[in-house]
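Quantities reported herein were computed from a predicted structural model and do not represent experimental measurements.
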Amino acid sequence: MKPVRHWPWLLSLAILFNVLGSADLQAGNWRDHDHDDRSGRGHPGHHPHHGNDNIQLGPRPYFLVNHMDNGPLKRRLQACSKKPVKRTAFSIGHRGAPLQFPEHTRESYIAAARMGAGIVECDVAFTKDRQLVCRHAQNDLATTTNIVTLPELNAKCTQPFVPADPASGTPASAECRTSDITLAEFKQLKGKMDGYNPQATTPEAFVEGTPGWRTDLYATEGTLMTHRESIALFKSLGVKFTPELKAPVEDMPFEGDYTQEDYARQMIQDYRDAGVDPRDVWPQSFQLEDILFWIQEAPAFGQQAVFLDQRPNEPDVTSLAYLQSLKSQGVNIVAPPIWKLIDLDPYGEIVPSDYARHAKAAGLDMIAWSMERSGPLAEGGGWYYQSVNDAINNDGDMYTVLDVLARDVGVMAIFSDWPATVTYYANCMKL
């Protein structure tokens, strides 16, 4: 299938047009804790009541469906094109909606909620004065904000901006950490699309570099947020919470007395202080020690803690015995990247991986990440689809993968950089 050129321009319209119209969300479709499972964990399909949300998907889901190979799945998704849509917790806003909006900004979060994400993510890092803020990594400020263009703050970076040296071929560089600056200084920054220009000789040129398959059209605003501000915003938007405790790049304890446990405890305390029901929160970490800490110290939150597992699919990681050992320690949910959950059978068809089959047999719930994180898929899916790259040759294959994850693997939710894609599928399949 011949790829369509300039498809990011189609994406740039997604938040402007409501192709499907709006759906009145009746009270009966919202969360009822009386129907939670016996474990006490909140079911991701339940929703806090928030009035009649006007969910807007825009043209992207239809763009992807139109590019699918002909077959039953394509026909079924096409048949849903005129149906109303509702918010769904099967759709998680990964950093908000960063395919087009600066990640972890107020604008990105609002866009994710508008596209029907029922859960939205704040990755949690800490500042020099130990305040929690939403950033994908503790040390990504140079590529996701304008910090290097602000001389007083650039000077405080772990490595202030260094221009490229064309003579030696040395690229431009900078490393700026949330822990380099106070919360007051953090709030002076403006979020931007993640990227940088390695050939830059000035700070202003360095902050350019948005990949061509994303856009700066909505990057004119980029309001950074504290963790507590994100909680208040998500409550107002009627969405649930999946904060990720980021692995610090600083040696812990930070400054000798701020331990990893203090950091993990502080993140959970923000939800307690805000009066958030633990069944509406899925705390995440790549570090199993954080998950076990929450299970032990904050069990109401720990029973929905999500272990982010991206280790290679070696036998010691995919074995039933290992996954059962996670379950026996109190872990209930694992969240691997997409490629760990799927594989190719001898006929080249996409099927659940050994990891996925054994996780299910061990009684673990699964969440997949992240759709929309790769560019055009005409030449394979890249890192996120590495186990099935040979079966991918067009953007419509994204829905083929999504269908296997939902139907065959049985994931409970999927992260996406453009949540409307997953929202459309979940509504069409009545998940």
Open item on the list: I'd like to know if the side chain of Ser374 reaches the main chain of Gly381, judged simply by a donor and an acceptor atom lying under 3.5 Å from each other, with no hydrogens or angles considered.
Closed with: yes
Task: Residue pair Asp180 / Thr158, side-chain donor-acceptor N/O under 3.5 Å - done: yes
Task: Student check: side-chain heavy atoms of Arg76 and Met429 closer than 4.5 Å - done: yes
Open item on the list: Within the structure provided, determine whether Gln159 and Ser173 are in side-chain contact (heavy-atom separation under 4.5 Å).
Closed with: yes
- [ ] Considering only NZ, NE, NH1 and NH2 on the basic side and carboxylate oxygens on the acidic side, decide whether Glu229 and Arg106 come within less than 4.0 Å.
- [x] no
Open item on the list: Is it the case that atom CG in Asp251 sees more than 12 heavy atoms from other parts of the structure closer than 6.0 Å?
Closed with: no
Open item on the list: Do Asp194 and Thr143 pair up side chain to side chain, a donor and an acceptor below 3.5 Å, judged on atom types alone?
Closed with: yes
Task: Heavy-atom side-chain proximity of Pro352 to Leu341 below 4.5 angstrom - done: no
TODO: Quick one: list whatever passes salt bridge (Lys or Arg N to Asp or Glu O under 4.0 Å) with Glu244, sequence neighbours left out.
DONE: Lys246
Open item on the list: With rounding to the nearest 0.5 angstrom, report the CZ to CD1 distance, Phe293 to Ile268.
Closed with: 9.0 Å
- [ ] May I ask you to decide if Gly363's main-chain N or O and Lys327's side chain share a donor-acceptor pair within less than 3.5 Å?
- [x] yes
Open item on the list: Under 3.5 Å, is there a donor on one side chain and an acceptor on the other for His67 and Tyr62?
Closed with: no
Task: Distance-minimising heavy-atom pair for Gly116 and Ser91 - done: O-CB, 4.3 Å
Open item on the list: If only side-chain N and O atoms count, and only distance matters, is there a donor-acceptor pair under 3.5 Å linking Thr215 with Gln100?
Closed with: no
Open item on the list: Counting C-beta onward and ignoring hydrogens, is there a side-chain heavy-atom pair between Val411 and Leu405 closer than 4.5 Å?
Closed with: yes
TODO: Could you check Gln386 against Asn389 for side chain to side chain donor-acceptor pair (under 3.5 Å), going step by step and ending with a plain yes or no?
DONE: CA-CA 5 Å; Gln386 58 188 271; Asn389 274 342; over 6 Å; no
TODO: For Glu372 and Arg60, run salt bridge (Lys or Arg N to Asp or Glu O under 4.0 Å): C-alpha distance rounded to whole Å, both residues' side-chain angles, the deciding distance at 0.1 Å, then the answer.
DONE: CA-CA 11 Å; Glu372 326 276 348; Arg60 179 156 175 77; 2.7 Å; yes
Open item on the list: Looking at Tyr263, I'd like to know if its OH atom is crowded, meaning that more than 12 non-hydrogen atoms belonging to other residues, nucleotides or ligands lie closer than 6.0 Å.
Closed with: yes
TODO: Using distance alone, with no hydrogens and no angle criterion, decide if Asp343 and Ser353 have a side-chain donor and acceptor under 3.5 Å apart.
DONE: no
Task: Backbone of Pro376 reached by a side-chain donor or acceptor of Asp395 within 3.5 Å - done: no
Task: Arg130/Asp257 salt bridge by N-O under 4.0 Å criterion - done: yes
Task: Set of residues satisfying side-chain hydrogen bond (donor to acceptor under 3.5 Å, both in side chains) with respect to Tyr425, sequence neighbours excluded - done: Asp403
Task: Test side chain to side chain contact (heavy atoms under 4.5 Å, CB included) applied to Trp418 and Phe101, step by step - done: CA-CA 10 Å; Trp418 197 247; Phe101 290 81; 4.2 Å; yes
Open item on the list: I'd like to know if Arg311 pairs up with Asp309 as an ion pair, taking the criterion as any Lys NZ or Arg NE/NH1/NH2 lying under 4.0 Å from an Asp or Glu carboxylate oxygen.
Closed with: yes
Task: Enclosure of Gln78 CD (heavy-atom neighbours >12, cutoff 6.0 Å) - done: yes
Task: Value rounded to 0.5 Å, distance of CD1 in Ile231 from CZ in Phe241 - done: 6.5 Å
Task: Sidechain-backbone polar pair: Ser370 side chain, Arg373 backbone, donor-acceptor under 3.5 Å - done: no
- [ ] Consider only side-chain N and O atoms of Asn427 and Lys86, and report whether a donor and an acceptor are under 3.5 Å apart.
- [x] no
Open item on the list: Apply side chain to side chain contact (heavy atoms under 4.5 Å, CB included) to residues Met225 and Cys122 and explain how you reach the verdict.
Closed with: CA-CA 9 Å; Met225 304 198 74; Cys122 166; over 6 Å; no
- [ ] Locate the shortest heavy-atom distance separating Asn66 from Lys74; write the atom from each residue and the value.
- [x] O-NZ, 3.2 Å
- [ ] Give, for atom CE of Met267 and atom CG of Leu132, the distance between the pair rounded to the nearest 0.5 Å.
- [x] 8.5 Å
- [ ] Output yes when a side-chain donor or acceptor of Glu208 lies under 3.5 Å from a complementary backbone atom of Asn197, and no otherwise.
- [x] no
Task: Heavy-atom check, side chain of Pro248 versus side chain of Phe126, under 4.5 Å - done: yes
- [ ] Starting at CD1 of Ile181, measure out to SG of Cys157 and round the result to the nearest 0.5 Å.
- [x] 7.5 Å
- [ ] Could you verify whether a donor N or O on one side chain and an acceptor N or O on the other, from Asn332 and Gln304, lie under 3.5 Å apart?
- [x] no
Task: Distance-only donor-acceptor check, side chains Ser179 and Glu250, under 3.5 Å - done: yes
- [ ] Using atom types as modelled and distance alone, determine if a side-chain donor or acceptor of Lys240 lies under 3.5 Å from a backbone N or O of Trp282.
- [x] no
Open item on the list: Between Ser387 and Ile342 (side chain of the first, backbone of the second, donor and acceptor by atom type, cut-off under 3.5 Å), is there such a pair?
Closed with: yes
Task: Criterion side chain to side chain contact (heavy atoms under 4.5 Å, CB included) on Arg95 and Val120, from CA distance to verdict - done: CA-CA 7 Å; Arg95 315 185 200 180; Val120 180; over 6 Å; no
TODO: Determine whether the side chains of Lys190 and Asn146 contain a donor N or O and an acceptor N or O closer than 3.5 Å.
DONE: no
Open item on the list: With a 4.5 Å cut-off on side-chain heavy atoms, are Ile333 and Phe307 touching?
Closed with: no
- [ ] Say whether, by atom type as modelled, one donor and one acceptor occur between the side chain of Asp345 and the main chain of Gly348 under 3.5 angstrom.
- [x] yes
Open item on the list: Please give me the minimum heavy-atom distance between Ala413 and Ile92, naming the atom from each residue.
Closed with: CB-CD1, 3.6 Å
Task: Pairwise distance CZ(Arg265) to CG(Asp262) - rounded to 0.5 angstrom - done: 5.5 Å
- [ ] Inspect the surroundings of CD in Gln296 and state if more than 12 heavy atoms from other residues, nucleotides or ligands are less than 6.0 Å away.
- [x] no
- [ ] Would you tell me whether Tyr322 and His358 have side-chain atoms, one donor and one acceptor, within less than 3.5 Å of each other?
- [x] no
TODO: Mind telling me whether Phe286 and Trp369 have parallel, tilted or perpendicular rings, with 30° and 60° as the class edges?
DONE: perpendicular
TODO: Check whether any side-chain heavy atom of Ile414 lies under 4.5 Å from a side-chain heavy atom of Ile367, and answer yes or no.
DONE: no
Open item on the list: Rounded to the nearest 0.5 Å, what separates atom CZ in Phe90 from atom OG in Ser416?
Closed with: 11.0 Å
Open item on the list: Taking the basic N atoms (NZ, or NE/NH1/NH2) and the acidic carboxylate oxygens, is any pair closer than 4.0 Å for Asp273 and Arg228?
Closed with: yes
Open item on the list: I'd like to know whether Val306 forms a side chain to side chain contact (heavy atoms under 4.5 Å, CB included) with Val334, so could you lay out the CA-CA distance, the side-chain angles of the two residues, the decisive distance to 0.1 Å, and finally the verdict.
Closed with: CA-CA 6 Å; Val306 179; Val334 292; over 6 Å; no
Open item on the list: Has Tyr399 got a side-chain atom pairing as donor or acceptor with Thr421's backbone, closer than 3.5 angstrom?
Closed with: yes
Open item on the list: Quick check: do Tyr196 and Val207 have side-chain heavy atoms less than 4.5 Å from each other?
Closed with: no
- [ ] Apply side chain to side chain donor-acceptor pair (under 3.5 Å) to Gln131 and Thr226, showing your working.
- [x] CA-CA 8 Å; Gln131 301 299 304; Thr226 68; over 6 Å; no
Task: For Asp140, side-chain hydrogen bond (donor to acceptor under 3.5 Å, both in side chains) partners two or more places apart - done: Thr144
